[in-house]
Colleague: 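Would you mind keeping the following structure in view while I ask a few things?
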Amino acid sequence: MRVALGADHAGVHLKDAVRSLLESRGIEVQDFGTADETSVDYPDYAARVGRAVAGGEADRGILACGTGLGMAIAANKIDGVRAAPVVDLESAHLSREHNDANVLALGARVTSADTALKIVATFLDTPFAGGRHQRRLDKIAALEHDRHA
Ligand code: RB5
């Protein structure tokens, strides 16, 4: 599995902790920054990670900002991205099982690092259930079509 990472200044330390977890699991990481706490704009990082996932250069993306919300809102503007802002383990599980989320958005100001790393592990390890859920994802993809019609 190849995972693209991105964060703004609020999420940079959590992003680095996620990177360590991924590397300890032998996962290939593409780190799109940011590198320190200098203030930056989260849509720039959501775009880089979202494009890597939508373009097939990464299998999953993980984003971190203060709440996870801005990152998810921005990443979901990219066709093919299904970004889930997640703060608990049950939602992490269901984001994969039901929504086939391909991008996880974490909030460093609202989620402890310990919980966030458990969310990451759940996000990576939970398969998509398919079946009726695939039909719903197809309807989401059709909305992207409508937008470009
Ligand atoms: C940055 O201050 C903050 O707005 C950002 O990290 C994020 O929480 C946005 O959703």
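A quick note: this is a predicted structure, and the numbers were derived from the prediction, not measured. Whatever order the structure lists them in is the order used to number ligands and atoms, beginning at 1. Heavy atoms only: backbone and side chains are in, while hydrogens, waters and symmetry mates are out.
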Colleague: At a 4.0 Å threshold, what atoms of ligand 1 neighbour a non-hydrogen atom of D8?
Modeller: 1 (C), 5 (C), 6 (O)
Colleague: Among all residues two or more places apart in sequence or in another chain, which pass the salt bridge (charged side-chain N to carboxylate O under 4.0 Å, His left out) test with E23?
Modeller: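 Partners of E23 under the salt bridge (charged side-chain N to carboxylate O under 4.0 Å, His left out) test: R19.
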Colleague: Which heavy atom of the protein is the closest neighbour of atom 10 (O) of ligand 1, given with residue, atom name and distance?
Modeller: G70 N, 2.9 Å
Colleague: Looking at K118 and D114, does any basic side-chain N land under 4.0 Å from a carboxylate oxygen?
Modeller: yes
Colleague: Considering heavy atoms of the protein only, find what lies nearest to atom 4 (O) of ligand 1 and give residue, atom and distance to 0.1 Å.
Modeller: Y42 CE2, 4.4 Å
Colleague: Suppose I only count heavy atoms of G66 and a 4.0 Å limit; which atoms of ligand 1 are within that range?
Modeller: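 By the 4.0 Å cutoff, the relevant atoms are 5 (C), 6 (O), 7 (C), 8 (O).
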Colleague: With no hydrogens and no angle check, do the side chains of H13 and E37 hold a donor and an acceptor under 3.5 Å apart?
Modeller: yes
Colleague: Any idea which atoms of ligand 1 are less than 4.0 Å away from a heavy-atom of A10?
Modeller: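 In order of number, 6 (O).
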Colleague: Do the charged groups of D125 and R25 touch, with an N to O distance under 4.0 Å?
Modeller: yes
Colleague: Tell me: protein heavy atom nearest atom 3 (C) of ligand 1, and distance?
Modeller: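 Heavy-atom neighbour on the protein nearest atom 3 (C) of ligand 1: R109 NH1, 3.8 Å.
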Colleague: So which of V12, V40, T67 gets nearest to atom 8 (O) of ligand 1, if we judge by its closest heavy atom?
Modeller: T67
Colleague: For a 4.5 angstrom cut-off between non-hydrogen side-chain atoms, does D79 reach R147?
Modeller: yes
Colleague: Pick from R135, Q134, R136: which one makes a side chain to side chain donor-acceptor pair (under 3.5 Å) with D138?
Modeller: Q134
